[in-house]
Amino acid sequence: MGYAFATSTCIGCKRLFCYNPMKVPSVRINGVREPICQACVNRANPERIKNGLEPIVPAPDAYKACDEKELG
Ligand SMILES: [Zn+2]
């Protein structure tokens with residue numbers, strides 16, 4: 001029984017943030033999934049909507065530690 005979270009640098013703002021690796025929203029850059037932080041999601045959404053894309057809606061626990069049992 002334990003909790004897990006991941007940390008890495010946000011691809012959008014280059015700031016270190018922690019997140020639930022199973023839930024965090026990400027963007028695909030050169031075929032690699034890069035996690036993005038809440039601030040960048042908030043910044044990207046108006047732009048996505050303007051371009052006719054669905055806004056990114058992170059899971060409520062996307063930026064919290066997850067139970068290790070969730071890790072596949
Ligand atoms: Zn960011």
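We count ligands from 1, going down the list as the structure has it; atoms in each ligand are counted the same way.
Here CD1 of I36 is found 9.5 Å from CZ of R43. Values are rounded to the nearest 0.5 Å. A distance of 8.0 Å separates NZ in K69 from OH in Y3, rounded to the nearest 0.5 Å. Rounding to the nearest 0.5 Å places CD of Q38 at 10.0 Å from CZ of F17.
The count of protein N, O or S atoms under 2.8 Å from the Zn ion (ligand 1) stands at 4, with waters excluded from the count.
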Criterion side chain to side chain donor-acceptor pair (under 3.5 Å) on Y19 and T7, from CA distance to verdict: CA-CA 6 Å; Y19 54 87; T7 58; over 6 Å; no
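Heavy-atom contacts from other residues, nucleotides or ligands closer than 6.0 Å to CZ of R48 number more than 12.
Just one of P35, C18, S8 meets the side chain to side chain contact (heavy atoms under 4.5 Å, CB included) condition when paired with V24; it is P35.
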